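When a ligand or atom number is given, it counts from 1 through the structure's own listing order. For reference, positions follow the sequence shown, starting with 1. The model shown is predicted, which means the values in this text are computed figures rather than measured ones.
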Amino acid sequence: MQTPVPDYLKHVLSQCQRNTDGQLADYIPELAAVDPDKFALALSTVDGTIYSTGDDEVEFTMQSMSKPFAYALALQKVGLTKVMEKVGVEPSGEAFNQISLEKDSNIPKNPMINSGAITTHSLIPYKRTVSRAEQLRRFLSGLAGRELSFDSEVYTSELKTAFRNRSLGYMLRTVGVLEEDPEAIVNGYIKQCSIKVTVKDLAMIAGVLANGGIQPQTGKKLLDRSVVRQVLSVMLTCGMYDAAGDWLTTVGIPAKSGVAGGIIGVLPGQVGIAVFSPRIDEHGHSVRGVDIFERMSREMGLHLMEGTPSAQTILQSCYWAGKNDDVRVYELRGVLQFTESEMLLRNLQEEPPGDTTIVLDLTNLTLIHDVGARMLFEGVERLQQDGHRVVVVDSEGLLSQTQIQKHAAVLVQEELERYLQQYE
Ligand code: GLN
């Protein structure tokens, strides 16, 4: 049999094809010259599979979709504190190119609007021989898993009409947010916007964020978890500018649009989605792109706030084993976060004090968050204080060294069945 996912994507594309509303972004002359009917959709999973349909080989410029990644690179290289001194995290409720600053602090409200993005660009460390835009191109190529390039026509075309972005640059220089020549920084920002991608690249890039910063195809860690969290939070609240509330309620997926017609969306831990269709609405979002995201979120249950009640499944089974039925086994499954750990500890609370051997089997867990590991070992210590002998079976090696810390003595790497043989 063949998976129906590609058929579904094709179906979505054909359903939304009829919509020809919106206009090309004509304030950048080169963007007004593209074929308005190009249309593509791609979806990536956190294990690195990419599905795509339509004009999925067509390259287009990232434009504002480059902003979250410039932000990610700045955060990764100079840290949150330094970045926060220069760019806020509050939704502006204004258009992407609004000439405004946060009231008291005099810094741009967030990194997704142009003033914040120009500032973010200025925070990317660079060398004399490798510009900031080039640093970002290299970084994005790593995320995409292929060498990306600049579109020099679109770049020079936007340079000619970038009066508004220049005025933003000069305003930022006046208040001291920019500390260097604003011309050079604005040019660099415009160059960053001209990085070319296909929907497949975008889906791959989104997949890295969905996967917590690890490139699913190479297994390489490209971003810290804390950076991914920060970037996705800002995408969620500010990524769609003055339509962010509408987007959050109807789609509920952290996302970023670009005026060339792309939208990139990331559902943490689940999927990356990318759309390309060049006609845009008054906010600068691809009209058919918005359509597709709304439809997929609704039909596939992808809204962030849908949240599956995973805590109900943390205990797969709980039974007595051993010759004398005196070994208590807890088999866990799912993801161990706060709510699941709370449920597990509430179950362990039922164990009366005594000298039972208690085995906690982690084999069927898919992920253990730090808080999950901390709470698990807290439970282990409390059971020990009650007189029990506790064993944690981690045959898949899910626990990281930092999560294990001083608890290595209770760990067993064998498979559960084999470990239990000694009690038979
Ligand atoms: N390069 C464009 C600009 O700065 C990007 C805007 C966008 O995609 N919303 O105006």
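With rounding to the nearest 0.5 Å, the separation of CG in Asp394 from CD in Gln403 is 9.5 Å. One distance of note links CG of Asp370 with OG of Ser400; it measures 6.0 Å at 0.5 Å rounding.
What sits closest to atom 10 (O) of ligand 1 on the protein, heavy atoms only, is Tyr27 OH, 2.6 Å. In this structure, the protein non-hydrogen atom closest to atom 1 (N) of ligand 1 is Gln63 OE1, 2.6 Å. Given atom 7 (C) of ligand 1, the protein heavy atom at minimum distance is Ser64 OG, 2.5 Å.
For ligand 1, the atoms closer than 4.0 angstrom to any heavy atom of Tyr189 are 3 (C), 4 (O), 5 (C). Atom numbering of ligand 1 starts at 1 in the shown order; those under 4.0 Å from a heavy atom of Asn114 are 3 (C), 4 (O), 10 (O). Atom numbering of ligand 1 starts at 1 in the shown order; those under 4.0 Å from a heavy atom of Cys193 are 1 (N). Near Gly258, meaning under 4.0 Å from one of its heavy atoms, ligand 1 places the atoms 8 (O).
Residue-level proximity to ligand 1 for Asn97 is absent, since no heavy atom of it falls below 4.0 angstrom. Neither the backbone nor the side chain of Arg164 has any atom closer than 4.0 Å to an atom of ligand 1 (non-hydrogen atoms only).
Under the 3.5 Å distance criterion, the side-chain polar atoms of Ser66 are left unmatched by any main-chain donor or acceptor of Met62. Side-chain atoms of Asp151 come within 3.5 Å of backbone atoms of Glu153 as a donor-acceptor pair (strictly under, hydrogens ignored). Side-chain atoms of Thr366 come within 3.5 Å of backbone N or O of Gly334 as a donor-acceptor pair.
Every heavy atom of Gly284 sits 4.0 Å or more from the atoms of ligand 1. At a 4.0 Å cut-off, not a single heavy atom of Ile190 sits close enough to ligand 1 to count as contact. Using a non-hydrogen distance threshold of 4.0 Å, Asn165 registers as a contact of ligand 1.
Among Glu158, His121, Arg166, the one residue that satisfies the side-chain hydrogen bond (donor to acceptor under 3.5 Å, both in side chains) test with Asn187 is Arg166. When the options Phe96, Tyr241, Trp247 are evaluated for a ring-ring contact (aromatic ring centres under 6.0 Å, His included) with His285, the one that passes is Tyr241.
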Checklist entry - Going through the checks in order, is the salt bridge (Lys or Arg N to Asp or Glu O under 4.0 Å) test met by Arg146 and Glu59? => result CA-CA 13 Å; Arg146 95 176 166 103; Glu59 291 191 313; 2.9 Å; yes
Item to check | salt bridge (Lys or Arg N to Asp or Glu O under 4.0 Å) assessment of Arg374 paired with Glu378 | outcome: CA-CA 6 Å; Arg374 277 203 318 271; Glu378 181 65 35; over 6 Å; no
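At least one N or O atom of Val259 sits closer than 3.5 Å to an N or O atom of ligand 1. Looking at ligand 1, you won't find any N or O of Ser257 less than 3.5 Å from one of its N or O atoms. At a 3.5 angstrom cut-off on N or O pairs, Tyr241 counts as close to ligand 1.
In the displayed structure, Gln401 atom CD is contacted under 6.0 Å by at most 12 heavy atoms of other residues, nucleotides or ligands.
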